[in-house]
**Q** 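First the structure, then my questions, so here it is.
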Amino acid sequence: MSPSLCTKISSLRYAASAFMLLLAGCVSGPDHVPPQMPLPAKFREGGTKSNGDVVTAQWWTAYRDKQLDGLVAHGLSENLDVLQALERINSASANVTVAGAGGLPSLDVGASHTVSGEKGSERTTIGTTNTTGGEASLSWLLDFFGQYRRSKESAIASLGAAYATADNAKLTFLKDLVESYIDARYYQQRIALSQASLKSRQQTYELTQLQLKAGAASRLDVVQAEGLVQSTKSDIPGLQQSFTESAHHIATLLGMPAASLMGELQKSAGQPVFRGDIRAGIPADLIRNRPDIRKAERDLAAAVADIGAAEAQLYPSISLSGSISPSWVKSSGASGGTLTSWSFGPTLNLPIFDGGKLRANVDIEKSDAKTQYLAWKEAVLNGVEEVENALSAVRHDTQTLAPLRRQVQTAEESLALSTTSYKDGASSLLDVLDAQRSVSDAQASLAATVQQAAKDYVDLYVAIGAGYLTEQGQNAPERAAKSD
């Protein structure tokens, strides 16, 4: 080979390499940049220390309730909403392949065999003809302006959004399950308190009947005591129904028949009380840890990529296509023969007049991207608000517990003194009945506040985006991002 020919071949190689690099860098539309917005250095009632990664923090174990721990572990793998969200990841993953397939060469191969002949008085040929043929078609749309590359970027971003949606489904499940469990235990506590109150009021009613016989009480006293007994009895069925509904809802969250957990949950374990630390972190942690914010960011990335895909349709497109069709024909009484036809050539598509449709499509995608950016900002601000509210609720509700416990003690002491005084004839039955009402009201208020305080911690840890991933599943979104 002559030196001049070698030089020409080398130049062609360099030119081809430069051309491919040029194509690789020619992509329409803007590149996605992670959005930012100013955030305070700390929550109003929080600290300045970052939480770091809390997505695997099992905050519900701070209630120190083994049954609750078991329900959470079972539900994370069996909840139907979570399973549906996980299945959508498979669909989004397949869409990545579909989106990128348009920019790759496609090859179709087919084959056929036919036997033909003629019959009748008007036939022109005798015998049969065997025709065997094949066809191979190749086409490749040259993605000069990155239409399919942007489409694949959008699909990959949507895959990330699908992972975030699944994470959000897990977080929603945790909130629903733990709060339903807290509710169930609250209703059990209320039932127990009502039954104890009923016993006390029944004793007062019986004592009043004895006092009536002894002439130390009136019929009005007996009627009032009996009315309080019946009022307490009427409260219990409603509380039992509320407990049953909470238990059934827990079973549904676990993907089980509604009544399957009733026997287990009827074993009272007392109201859950959170015994862990408050870890709110800082507002910037939410962008990393909350799945709804990550989903909004991925939706924004998909919308930005769609701008490029729409802009690429404004420019000319070139596709290369070719086909080859070999065939072999054999007629009766004659030797067979072959015939091969082929074709190859480029096709240019140049959009000129489209009534402004393609440009309008770009404007639509740009508007959608702006909308997704605003949705991301809204998700961030909603997250900050939820954490602020949860921190405030934790502080105020926990401060209420101690006075309520003391109120229960004083009410019970007042009831004991009133009962003794009534037996001695030094006070009226009205004092006893008022004291019993005070005890019931104080106990109910304390139980409701314990319930709400327990839920406040749920709201806080869900608001900061904690606990929805296991150690094994922690890197799933990163795997999705690298799937291109």
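Just so it is clear, the model here is predicted, and its values are computed rather than measured. Residues: numbered from 1 along the sequence shown.
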**Q** Look at the side chain of Arg185 and the backbone N and O of Leu265, then say whether any donor-acceptor pair between them is shorter than 3.5 Å.
**A** yes

**Q** A side-chain contact here means heavy atoms from C-beta on lying under 4.5 Å apart; do Met262 and His248 qualify?
**A** yes

**Q** Please check if the side chain of Ser242 supplies one atom and the backbone of Gly238 the other of a donor-acceptor pair under 3.5 Å.
**A**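 Judged by distance alone, yes, a pair lies under 3.5 Å.
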
**Q** Just how far is it from atom CD1 of Ile278 to atom CD of Glu45, taken to the nearest 0.5 Å?
**A** 9.5 Å

**Q** When you measure from the side chain of Arg150 to the backbone N and O of Ser28, does any donor-acceptor pair fall under 3.5 Å?
**A** yes

**Q** For Asp285 and Ser50, which I'm curious about, is there any donor-acceptor pair between the side chains at under 3.5 Å?
**A**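 Side-chain D/A pair, Asp285 to Ser50: present.
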
**Q** Quick one, Leu159 with Asn95, criterion side-chain contact (heavy atoms from CB on, under 4.5 Å). Give me CA distance, side-chain angles, the key distance, then yes/no.
**A** CA-CA 8 Å; Leu159 176 58; Asn95 280 334; over 6 Å; no

**Q** Run the numbers on Gln399 and Arg395 for side-chain contact (heavy atoms from CB on, under 4.5 Å), then give the verdict.
**A** CA-CA 6 Å; Gln399 289 177 346; Arg395 183 171 67 88; 3.7 Å; yes

**Q** Give the minimum heavy-atom separation between Ala269 and Asp65, together with the two atoms involved.
**A** CB-OD2, 4.4 Å

**Q** Report the distance from atom CD1 of Ile282 to atom OG1 of Thr48, rounding to the nearest 0.5 Å.
**A**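 With rounding to 0.5 Å, CD1 (Ile282) is 8.0 Å from OG1 (Thr48).
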
**Q** Please answer whether the main-chain N or O of Ala447 pairs with a side-chain N or O of Arg190 as donor and acceptor at a distance below 3.5 Å.
**A**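 Here the side-chain-to-backbone pair does not exist.
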
**Q** Do the non-hydrogen side-chain atoms of Val55 and Arg288 ever get within less than 4.5 Å of each other?
**A**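 No; the side chains remain at least 4.5 Å from each other.
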
**Q** Does NZ in Lys42 sit with more than 12 non-hydrogen atoms of other residues, nucleotides or ligands closer than 6.0 Å?
**A** yes

**Q** Could you tell me if the side chain of Val329 sits less than 4.5 Å from the side chain of Thr338, heavy atoms only?
**A**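 Thr338 does not reach Val329 side chain to side chain.
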
**Q** Check whether any side-chain heavy atom of Asn79 lies under 4.5 Å from a side-chain heavy atom of Lys170, and answer yes or no.
**A** no

**Q** I'd like to know whether Leu39 forms a side-chain contact (heavy atoms from CB on, under 4.5 Å) with Ile287, so could you lay out the CA-CA distance, the side-chain angles of the two residues, the decisive distance to 0.1 Å, and finally the verdict.
**A** CA-CA 11 Å; Leu39 291 172; Ile287 296 176; 3.9 Å; yes

**Q** Return the orientation label for the Tyr63 and Trp59 ring planes: parallel under 30°, perpendicular over 60°, tilted otherwise.
**A**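 The rings of Tyr63 and Trp59 stand perpendicular, inter-plane angle above 60°.
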
**Q** Residues two or more places apart in sequence or in another chain: which of them pass salt bridge (Lys or Arg N to Asp or Glu O under 4.0 Å) with Arg290?
**A**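 Checked Arg290 against salt bridge (Lys or Arg N to Asp or Glu O under 4.0 Å); matches are Asp292, Glu386.
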
**Q** Taking the side chain as every heavy atom from C-beta outward, state whether Leu171 and Pro291 have any pair of such atoms under 4.5 Å apart.
**A**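 When only atoms from C-beta onward are counted, Pro291 and Leu171 do touch, with a gap below 4.5 Å.
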
**Q** Please determine which of Asp81, Leu86, Val82 meets the side-chain contact (heavy atoms from CB on, under 4.5 Å) test together with Gln84.
**A**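 With Gln84 as partner, side-chain contact (heavy atoms from CB on, under 4.5 Å) holds for just one option, Asp81.
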
**Q** Looking at side-chain heavy atoms only, is the closest gap between Tyr461 and Arg279 below 4.5 Å?
**A** yes

**Q** Hey, what do you get for OG1 (Thr132) to CH2 (Trp328), rounding to the nearest 0.5 Å?
**A** 6.5 Å

**Q** If you take all heavy atoms of Asn289 and Ile464, which pair is closest and at what distance?
**A**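 For Asn289 and Ile464, the tightest heavy-atom pair comes out as CB-O, 3.4 Å.
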
**Q** Output the distance between atom OG (Ser319) and atom CG (Asp143), rounded to the nearest 0.5 Å.
**A** 12.0 Å

**Q** Quick check: does any side chain N or O of Trp376 sit under 3.5 Å from a backbone N or O of Thr371, one acting as donor and the other as acceptor?
**A**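 The answer is no, because no donor-acceptor pair under 3.5 Å joins these two groups.
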
**Q** Can you check whether Ile89's main-chain N or O pairs, donor with acceptor, with Ser93's side chain at less than 3.5 Å?
**A** no

**Q** Could you check if a side-chain atom of Gln67 sits within less than 4.5 angstrom of a side-chain atom of Tyr181, using non-hydrogen atoms only?
**A** yes

**Q** Determine whether Tyr468 and Leu76 make a side-chain contact, defined as any pair of heavy atoms from C-beta on separated by less than 4.5 Å.
**A** no

**Q** If you round to the nearest 0.5 Å, how far is CZ of Phe144 from CD1 of Ile318?
**A**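 Reported to 0.5 Å precision, the distance equals 4.5 Å.
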
**Q** Between the side chains of Asp456 and His396, does any donor sit under 3.5 Å from an acceptor?
**A** no

**Q** Provide the closest heavy-atom pair for Val458 versus Glu179 in the form atom of the first, atom of the second, distance.
**A** CG1-CG, 3.8 Å

**Q** Show your reasoning for whether salt bridge (charged side-chain N to carboxylate O under 4.0 Å, His left out) applies to Lys455 and Asp183.
**A** CA-CA 9 Å; Lys455 285 186 173 184; Asp183 288 342; 2.7 Å; yes

**Q** Which heavy atom of Ala166 sits nearest a heavy atom of Ala85, and at what distance?
**A**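 Smallest heavy-atom distance, with atoms named: CA-CB, 3.6 Å.
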
**Q** Has Gln266 got more than 12 heavy atoms of other residues, nucleotides or ligands less than 6.0 Å from its CD?
**A** yes

**Q** Of the non-hydrogen atoms in Ser137 and Ser323, which two are nearest, and what is the gap between them?
**A**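 Heavy atoms of Ser137 and Ser323 come nearest at OG-CB, 3.8 Å.
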
**Q** Whether the side chain of Ser151 engages the backbone of Gln147 through a donor-acceptor N/O pair (distance < 3.5 Å, no angle test) should be reported.
**A**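 Checked: pair present.
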
**Q** So that I can tick it off, tell me whether Asp299 and Lys295 are bridged by a salt bridge, with the cut-off set at under 4.0 angstrom between side-chain N and carboxylate O.
**A**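 Yes, this pair counts.
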
**Q** Do the side chain of Asn168 and the main chain of Ala164 share a donor and acceptor less than 3.5 angstrom apart?
**A**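 A pair under 3.5 Å: no.
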
**Q** Closer than 3.5 angstrom, by distance alone: can the side chain of Glu388 be matched with the main-chain N or O of Arg44 as a donor-acceptor pair?
**A** yes

**Q** Hey, could you give me the CG/CD1 distance between Asn382 and Ile293, rounded to the nearest 0.5 Å?
**A**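 Here the interatomic distance stands at 8.5 Å.
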
**Q** Can any side-chain N or O of Glu311 pair as donor or acceptor with the backbone N or O of Gly29 at less than 3.5 Å?
**A**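 Yes: the side chain of Glu311 pairs with the backbone of Gly29.
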
**Q** Return the minimal non-hydrogen interatomic distance between Leu314 and Pro351, and the atom names on each side.
**A** O-CG, 3.6 Å

**Q** Is there a side-chain contact (heavy atoms from CB on, under 4.5 Å) between Met37 and Leu381? Walk through the geometry before answering.
**A** CA-CA 10 Å; Met37 63 178 294; Leu381 293 177; 3.6 Å; yes

